[in-house]
Amino acid sequence: MKSRADGCARRAAVLRARMNQSAINFAPTRAAAQARLAGFLPLAGHYAAQRNFVRPGHDHVARLSPWVQKRLLLEREVVEAALGAWTWPAVEKFVQEVYWRTYWKGWLEQRPAAWARWVEAVPRQRDGLRGEQSNAWEAACAGQTGIAGFDDWAHELVATGYLHNHARMWFASIWIFTLRLPWELGAAFFYEHLLDGDAASNTLSWRWVAGLQTAGKTYAARADNIAHYTEGRCAPEAGQLARAAFAITEQPLPKVDAWTDDGWRTASAGASGDRVGLWLHAEDLAVEVGELAGDKFVAVNAAWPTGIAARAGWGERVTAWTQAALADGAVRATGHFGSEAKAGATNDLAAELVAWAREKNLRRVVAYRPFVGPWLDEAPAVERALGAAGVAVIWRRRAWDAELFPHAGHGYFPFWEKVKAEGKFTAGR
Ligand SMILES: Cc1cc2nc3c(=O)[nH]c(=O)nc-3n(C[C@H](O)[C@H](O)[C@H](O)COP(=O)(O)OP(=O)(O)OC[C@H]3O[C@@H](n4cnc5c(N)ncnc54)[C@H](O)[C@@H]3O)c2cc1C
């Protein structure tokens, strides 16, 4: 008799073969992002009814997240395009989902300890795995648990760098409550492989499933729900999944007020005559659009800090994608500002930026302030080194973030009501 694991392995092989035919193409360029957005717009009005289904190829959802995460495409551009193509009621759900990203970003800016705790926990949890739990962790990452669906999603994640939102929710729930593995290690597995891997969306979504984000409210994956929304492709037996979630607790997270510095919104690149450079990093790669577009930069630096991938825990595909996206951003910045962009890898980003600032005789360096996450972790050393060299660093923030992040201190729905009350959605046919 065939075991359940055999069946699952066969199913995973079939799925991998199917995925190869319908593999999602995520070219790391802004042009590819714009093409995907244009291709998805005719479907955006049907998103609300279709979004929860998990189908091969996933072309009923936008599949824009890797580009939006790097800001190769701006949230504002996605929302405006949807509103330009459809009536507000038709795209409300889609627009609401785009704002989830903004909400998570704003929430984490106010509670950066959620990121710091996760960063600290991952190696500790991994080193602490013993015996059966260690085997369960290895099986989960290899997609060899024998749980229908779960194993397919593990393979799909590793093979494509993408998972549908509903699959992410089921996967996280099974990881935590059925396999009883630490949520932090599940978030690390996602962060290693997701092309859209985001410090806020990933960490906070895992916390949400675990019941930490909304205290006591966990997300339990149900076998019938999985079977229904995968249209029968994945049908775990009900007994395979945990019947109930258990409580996970933590010390309250300190809240910081990240918006006292108005300079992020208003600081100009510098007094006229100053030589100002732009530091381009992979959290905002459409600098030719919006707040910085009208500034004058005599030089752009898009150096790749070689250690960041290991510090962040990115896998090879994520690293290569991010590096290529940065290169695409540098080319466009060069074209837009008419100034030379310095790219290439460095093992000391701060020293590289100081040497560049000296070579270009810069008085100031401007950058969009990275969000809480691996790029912000690079920022203090950069700021200190440039400061010591007599070069001021000016952090900027897009108006979108500066206006919306302060509303993200509590739950999503008060945030969403605030967004709607600000009347941004009167456009549309
Ligand atoms: C456990 C877990 C981990 C996740 N990790 C990430 C992550 O690292 N990076 C990431 O971008 N998203 C993450 N998400 C959110 C969501 O799953 C993805 O944004 C979405 O699946 C991307 O696919 P799409 O572009 O087709 O989205 P669509 O459903 O078409 O939505 C359009 C856009 O809205 C944004 N969006 C939609 N849903 C969400 C959401 N729930 N949270 C935040 N933004 C959203 C994305 O930018 C997305 O591209 C996670 C969700 C879960 C449950």
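None of these values were measured; they are calculated from a predicted model. Both ligands and their constituent atoms are indexed starting at 1 by order of listing.
At least one side-chain heavy atom of L74 sits under 4.5 Å from a side-chain heavy atom of R398.
With no hydrogens or angles considered, a side-chain donor-acceptor pair links W395 and E383 at under 3.5 Å. Residues E352 and N301 bring a donor and an acceptor atom of their side chains to less than 3.5 Å of each other.
Every residue two or more places apart in sequence or in another chain that forms a salt bridge (charged side-chain N to carboxylate O under 4.0 Å, His left out) with D224 is listed here: R222. Among residues two or more places apart in sequence or in another chain, the side-chain contact (heavy atoms from CB on, under 4.5 Å) test is passed with E97 by Y47, R51, K93, W100.
Protein residues with a heavy atom closer than 4.0 Å to ligand 1 are Y47, V61, A62, R63, L64, S65, V68, F94, E97, V98, W100, R101, W104, Y162, L163, N165, R168, M169, F190, L194, D196, G197, D198, S201, N202, S205, W206, listed by chain and number.
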Review item, side-chain donor-acceptor pairs of residues 211-220, under 3.5 Å, at least two apart:
from: Q213; atom 1: OE1; to: R207; atom 2: NE; distance (Å): 2.8
from: Y219; atom 1: OH; to: W170; atom 2: NE1; distance (Å): 3.4

